[in-house]
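Worksheet for the structure shown next.
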Protein chains: 4
Amino acid sequence: MSTPHQYRPYIEACVEAMNACNLSYVSNLKQYDLEKLCDCIRVNRDCAEVCAFTVQALSQGNSLAAEIAGLCAKACEACIAECSKHEQTYCQDCVEACRRCAEMCRELEGSMALV
Amino acid sequence: MSTPHQYRPYIEACVEAMNACNLSYVSNLKQYDLEKLCDCIRVNRDCAEVCAFTVQALSQGNSLAAEIAGLCAKACEACIAECSKHEQTYCQDCVEACRRCAEMCRELEGSMALV
Amino acid sequence: MSTPHQYRPYIEACVEAMNACNLSYVSNLKQYDLEKLCDCIRVNRDCAEVCAFTVQALSQGNSLAAEIAGLCAKACEACIAECSKHEQTYCQDCVEACRRCAEMCRELEGSMALV
Amino acid sequence: MSTPHQYRPYIEACVEAMNACNLSYVSNLKQYDLEKLCDCIRVNRDCAEVCAFTVQALSQGNSLAAEIAGLCAKACEACIAECSKHEQTYCQDCVEACRRCAEMCRELEGSMALV
């Protein structure tokens, strides 16, 4: 069984994506043109939740780690697609953190599928 | 977007499975022949975590609900496979709750794939 | 140690409050006068998260159950204060579910303090 | 409202404690004298759950951050008390990570009480 030590770089990438999504979420809620940002708020929220769960699941060495990593990659990819439409700095930062997280999660998913 | 109202029967099935897994987990830790139950303890724990996340995600109307339901079905199926090996009543109860939850989650996953 | 069986009515009250908060959250995000609802969106979100954690923690028989119930009561009380300001039906439903949950959690907290 | 940026050092301390608790949990389940470690397994689990929730709550800027930090400090203090009884390296590492996390959480709780 895998341990938090082996998953450390993946956990860190998920924490960064979670933080970036939450910062984008919180920042969006302070904008004056909130109507345009509703989809972004929802997608940020969904992605932050999935990242937070992935952090917890990898830290615990959940036996479905590969599937959970695949789910997290999907959530990040949806977040990248939405945040890419907005020019705010925090949206661009979110894209970057989610891109890194999605890559790491796809790598983890792939490496475990080989076992 | 779906709401907690639409997901209510699925949320309830996941709560029941989560409770059954946690009861099995807690009960296993009190047994004297703990060595034989290590795998069961781990699988109970993993399944309870995934069910708890699914409860939260469905209640929030997460846009990855279909994928999350599929993950939850997998966790329940692994739990059924392990708990079926043990004759304790709480393990049998866990099998039953997880079977119901897995069925519901597969139904939800399938119905959303059609959309 | 306590089990999911003993906590069942408390878990159910927390699930109801979580669902009501999430429904209010989702419904608020669809309103046209979103600016007035920002505080409500945030408080709904915070309360739903705390309720979801409480569900999980009680189901697992977490040894800090009394403190966690106290935290959940506080989150519900904050949600009641905010949702009471809005006349939407879903806000009123949220007030009702949170009131019930806060009462249950305060009862649980009190009963465990006596032990 | 506070953001993930302001909470970053606290989030990191909670991630470290969560990882250490989960490693201790996983390692304990592999020991041959499992009976002596049941309390430790339970306390590790409880603390890991509370740390994981605190990570998520601080990242989201939950308005009950002070209370949640206080809860996390309590969970870490209980974990320190239990893990201190065991000489395994991973238990000692857990004590250290939980001590750091408890200090950080008490600091956060105190600083917010002053506001």
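First the proteins, then the strands, lettered A, B, ... as listed; each starts at 1. Treat the numbers as computed from the prediction; the structure is a model and nothing was measured.
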Check your understanding: Under 6.0 Å from the CD atom of D/Glu96, do we count more than 12 heavy atoms belonging to anything else shown?
Key -> no

**Study point:** B/Gln31 CD to D/Glu35 CD distance, which is reported to the nearest 0.5 Å
**Key:** 11.0 Å

Revision key, fill the gap. Between the NZ atom in D/Lys30 and the CZ atom in B/Arg42, the distance rounded to the nearest 0.5 Å is 8.0 Å

Check your understanding: For atom CZ of D/Arg100, is the number of surrounding heavy atoms from other residues, nucleotides or ligands below 6.0 Å larger than 12?
Key -> no

Review point. Knowing that exactly one of B/Leu29, B/Leu34, B/Ile41 qualifies, which makes a side chain to side chain contact (heavy atoms under 4.5 Å, CB included) with D/Ile41?
Key: B/Leu29

